Novice: 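This is the structure, below, for whatever I ask next.
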Amino acid sequence: MSDESAASARVSEIVAAHQGMEGPLLPVLHAVQAALGHVPQAAVPVLAEGLGLTRAEVRGVVSFYHDFREVPAGRHVVRLCRAEACQAMGGADLAQQVKARLGLDWHQTSADGAVTLEPVFCLGLCACAPAAQLDGRLVGRLDEAKLAALLDEVRR
Amino acid sequence: MKVYVPLDAAARACGADQVAAALQAEAARRGVVLEVVRNGSRGMVWLEPLVEVETPAGRVGFGPMTAAEVGQVFDGGPLALGLVEELPWMKAQTRLTFARCGVIDPLSLADYRAHGGFAGLERALAMDAEARVAEVIASGLRGRGGAGFPTGIKWRTVAGAVSDRKYIVCNADEGDSGTFADRMIIEGDPFSLIEGMIIAGITVGATKGFVYLRSEYPDAIAVLNRAVELACKAGVLGASVEGSGLAFDLEVRVGAGAYVCGEETSLLNSLEGKRGVVRAKPPLPALEGFMGKPTVVNNVISLATIPVIFERGAEAYAAHGIGRSRGTIPLQIAGNVARGGLFEAAFGMTLGDIVDGLAGGTASGRAVKAVQVGGPLGAYFPPALFDVPFGYEEYAKAGGLIGHAGIVVFDDTADMLAQARFAFEFCAIESCGKCTPCRIGAVRGVETIDRIARGDADAVPLLTDLCDTMKAGSLCALGGFTPYPVLSALTHFPDDFAAAREAAE
């Protein structure tokens with residue numbers, strides 16, 4: 001089976017597992033992204049057919065939400081909070097440093113596929129700002145030393 | 001030896017997991033039998049990770065703990081704080097909604113019951129639906145998400161609507177910077193939210209509830225899913241709630257990173273699996289909400305406060321507060337502060353009491369320049385307005401809003417023109433695109449601020465005109481309230497806007 005048809009089969013399974021749910025598209029898209037790392041173009045018609053929606057509706061939803069990616073992310077995802085509480089604690093300066101050290105702007109992935117840099121608007125860690133997230137792990141009270149350690153980790 | 005190490009996301013982000021592991025290792029080395037309970041946070045975030053040791057006199061705190069210093073938990077040392085309940089931050093609070101948060105094991109139903117859990121539900125079950133609505137109205141509880149609409153009136157509308165299906169939707173899309181009360185209560189006392197939703201369900205005649213929880217809160221998602229599972233197993237949720245014969249089921253749904261989905265109609269669209277665009281009102285969600293059916297949409301804190309209102313009675317709750325702001329509010333103190341965290345207090349504290357008193361001023365030690373209250377759509381207050389008491393009407397009168405009660409402090413290095421620009425930039429990124437004042441206005445706003453930054457004085461009246469248009473013409477609070485941070489920055493900090501002009505001249 002080709003990669004694409006394997007992916008389509010996986011999407012069909014996910015759709016089947018969510019039958020009977022009220023308004024299932026978001027849970028389905030989260031599940032697809034968890035399984036495949038992104039929501040590939042090829043999944044759209046499968047989702048549309050399986051859920052009784054038009055392709056335009058599915059694409060419209062995928063493109064509306066920041067969380068859903070149409071291309072795979074890097075092996076690591078660094079998310080840096082850009083919101084006000086983190087700004088008040090020097091978040092913007094840290095963001096500049098991260099961008100410079102990784103050579104990436106927001107939403108970009110390094111050429112070697114090691115890391116994707118993303119902004120996030122609030123991780124709810126506002127009383128221990130600035131905050132970041134490396135893959136599943138939350139980091140508060142971020143300073144230059146902690147930041148350097150994080151970036152070492154993603155380069156490995 | 002029994003110790004508590006928070007599982008709260010803020011504690012974990014500051015190393016609580018490493019501390020818990022180090023405690024186990026240290027106990028093993030010393031041959032001490034150690035029981036580690038992962039509790040919620042007490043809200044003293046500057047002391048996190050806060051380790052507590054159970055003693056006959058009460059729980060003794062150590063913090064902010066690090067993995068390298070866990071020996072102090074056994075031997076004492078400079079991180080020892082004494083009895084946690086006696087700390088000034090704890091003693092000065094009126095903890096009603098957060099009474100159990102940080103105290104109990106959040107995933108122990110036995111702990112929950114032992115600390116007053118389900119007493120409210122029990123009393124509610126003994127009342128008829130009309131009396132339950134009357135109780136919530138009498139409590140004076142208003143929407144803690146920020147809109148401040150009386151919760152009981154909303155419930156009465158849904159209770160009175162005739163339909164084959166009704167829903168309870170909990171808005172846990174806590175996107176405002178500076179706020180983390182929803183996250184903290186879900187991670188620290190999830191059953192209080194579940195109990196509040198059950199009471200809402202049996203009151204309005206809904207048998208299904210959803211919690212729309214933002215994806216940026218992975219820990220809260222895990223805790224709440226587990227809590228729902230445990231509640232189902234114990235018969236708290238399901239076909240017969242606590243053996244009452246009344247059904248109520250709960251489903252946790254995860255958002256996908258759209259700030260605007262914190263707006264209730266956009267949230268409903270998202271829950272239905274659509275783009276999170278705002279709906280025009282009317283129809284009210286109370287009459288045509290999720291799937292077109294009558295729906296209660298309440299904030300996490302509103303719902304999690306319902307149990308204590310029923311447990312202690314509406315009058316006891318309404319006895320706290322000022323004017324039309326009754327009861328307590330979990331203040332969330334954040335940004336550049338010496339002591340940040342969550343402090344539950346009766347409405348009425350002044351901003352000065354909060355910022356200079358509770359928070360102890362800035363973390364940087366510099367002077368406070370501005371305080372943004374109510375999230376990214378809230379106004380910036382200068383110290384000259386620190387006498388405003390915390391209340392819905394009081395803040396509206398001062399040209400601001402309390403929102404979800406997030407308080408973000410900035411020191412004198414803040415550039416208020418940059419903050420105003422950010423407000424527009426954020427609005428442009430997060431606009432759902434449905435209405436023109438928000439979709440286009442936000443983009444033009446960034447450009448207009450950039451003109452002012454370049455020294456173009458003619459752009460200032462244009463900016464205020466644009467803000468008028470956005471206020472009057474936007475469909476929801478995103479476009480409608482973005483002018484609050486912008487105009488408050490311009491009004492209270494004119495020097496930050498003038499300096500650029502002078503430089504150009």
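Because the structure is predicted, anything quoted here is derived from the model rather than measured. Naming: A, B, ... by sequence-line order, numbering from 1 per chain.
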Novice: Is there a donor-acceptor pair closer than 3.5 Å between any side-chain N or O of B:T265 and the backbone N or O of B:V278?
Specialist: no

Novice: Please tell me whether A:H30 and A:D67 have a donor and an acceptor in their side chains that are separated by less than 3.5 angstrom.
Specialist: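 Short answer, no.
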
Novice: Can you sort out the partners of A:F121 under ring-ring contact (aromatic ring centres under 6.0 Å, His included), two or more places apart, ordered by chain and number?
Specialist: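 Listed in chain order: B:F426.
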
Novice: Considering only heavy atoms, which portion of B:E425 lies under 4.5 Å from any heavy atom of chain A: side chain, backbone, both, or neither?
Specialist: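 For B:E425, side-chain heavy atoms alone lie under 4.5 Å from chain A.
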
Novice: For A:D112, what residues pass the salt bridge (charged side-chain N to carboxylate O under 4.0 Å, His left out) criterion, not counting sequence neighbours?
Specialist: none

Novice: Side chain, backbone, both or neither: which part of B:R339 has a heavy atom under 4.5 Å from chain A?
Specialist: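 Interface part for B:R339: neither.
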
Novice: Report the option among B:G433, B:A220, B:P376 that has the most heavy-atom pairs separated by less than 4.5 Å from atoms of chain A.
Specialist: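 Answer, by heavy-atom pair count under 4.5 Å with chain A: B:P376.
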
Novice: Hey, are A:D135 and A:R75 close enough for a salt bridge, meaning a charged N less than 4.0 Å from a carboxylate O?
Specialist: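 No, this pair does not count.
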
Novice: Which atoms of B:A363 are under 4.5 Å from chain A, going by heavy atoms: the side chain, the backbone, both sets, or neither?
Specialist: side chain

Novice: Donor-acceptor pair, distance only, cut-off 3.5 Å: does the side chain of B:K166 make one with the backbone of B:T295?
Specialist: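 No, because the side chain of B:K166 does not come within donor-acceptor range (under 3.5 Å) of the backbone of B:T295.
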
Novice: Of the listed residues (B:P485, B:S215, B:G375, B:G276), which shares the most heavy-atom pairs with chain A below a 4.5 Å separation?
Specialist: B:G276

Novice: Less than 3.5 Å apart, any donor N or O on the side chain of B:E187 or B:Y217 sitting next to an acceptor on the other?
Specialist: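 Their side chains do not contain a donor-acceptor pair, so the 3.5 Å distance test is not met.
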
Novice: If we count only N and O atoms by modelled type, under 3.5 Å, do the side chains of A:H38 and A:E70 hold a donor and an acceptor together?
Specialist: no

Novice: Counting heavy-atom pairs under 4.5 Å with chain A, which one of B:G340, B:G335, B:A423, B:C261 comes out on top?
Specialist: B:G335

Novice: Where on B:D17 is there a heavy atom nearer than 4.5 Å to chain A: the side chain, the backbone, both, or neither?
Specialist: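 It is neither, since no heavy atom gets under 4.5 Å.
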
Novice: Pick one of side chain, backbone, both or neither for B:V409, based on which atoms fall under 4.5 Å of a heavy atom in chain A.
Specialist: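 Interface part for B:V409: backbone (N, CA, C, O).
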
Novice: For B:V45, is it the side chain, the backbone, both, or neither that has a heavy atom closer than 4.5 Å to a heavy atom of chain A?
Specialist: both

Novice: For A:V61, which atoms come within 4.5 Å of any heavy atom of chain B: side chain, backbone, both, or neither?
Specialist: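 It is both, since atoms from each part get that close.
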
Novice: So which part of B:Y259 gets closer than 4.5 Å to some heavy atom of chain A, the side chain, the backbone, both or neither?
Specialist: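 Neither part; nothing is under 4.5 Å.
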
Novice: Taking the six-membered ring for Trp, are B:F410 and B:Y380 ring centroids under 6.0 Å apart?
Specialist: yes

Novice: Between B:P218 and chain A, which part of the residue has a heavy atom less than 4.5 Å away: side chain, backbone, both or neither?
Specialist: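 Interface part for B:P218: side chain.
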
Novice: Which one, A:P130, A:G140, A:C86, leads in non-hydrogen pairs under 4.5 Å with chain B?
Specialist: A:G140

Novice: Please state whether the side chain, the backbone, both or neither of B:C432 comes within less than 4.5 Å of a heavy atom of chain A.
Specialist: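 Both the backbone and the side chain of B:C432 come within 4.5 Å of chain A.
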
Novice: With a 4.5 angstrom heavy-atom cut-off, could you sort out which part of B:E272 is near chain A: side chain, backbone, both or neither?
Specialist: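 It is the backbone, since no side chain atom gets that close.
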
Novice: Are the charged groups of A:R69 and A:E118 less than 4.0 angstrom apart, N to O?
Specialist: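 Judged by the 4.0 Å cut-off on N to carboxylate O distance, A:R69 and A:E118 do form a salt bridge.
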
Novice: Quick one: do B:R253 and A:E22 make a salt bridge, cutoff under 4.0 Å?
Specialist: no

Novice: Is it the side chain or the backbone of B:S270 that comes within 4.5 Å of chain A heavy atoms, both, or neither?
Specialist: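 Looking at B:S270, backbone and side chain both touch chain A.
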
Novice: Go through the atoms of B:Q332 and report whether side chain, backbone, both or neither lie under 4.5 Å from a heavy atom of chain A.
Specialist: neither

Novice: Below 4.5 Å, heavy-atom pairs only: which of A:V139, A:V58, A:L51 has the largest tally toward chain B?
Specialist: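 Going by pairs under 4.5 Å, I would pick A:V139.
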
Novice: For B:R275, is it the side chain, the backbone, both, or neither that has a heavy atom closer than 4.5 Å to a heavy atom of chain A?
Specialist: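 Interface part for B:R275: both.
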
Novice: Applying side-chain contact (heavy atoms from CB on, under 4.5 Å) to B:L342 and B:F180, what does each step give before you reach the verdict?
Specialist: CA-CA 8 Å; B:L342 183 139; B:F180 43 87; 4.1 Å; yes

Novice: Sort out for me which of A:R79, A:E57, A:Q33, A:R82 touches chain B most, counting heavy-atom pairs under 4.5 Å.
Specialist: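 If we count pairs closer than 4.5 Å to chain B, A:R82 comes out on top.
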
Novice: With distance as the sole test, does B:S177 use its side chain to make a donor-acceptor pair with the main-chain N or O of A:E84 at under 3.5 Å?
Specialist: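 Yes.
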
Novice: Of all of B:Q372, B:K208, B:M184, which one pairs up most often with chain A through heavy atoms under 4.5 Å apart?
Specialist: B:Q372

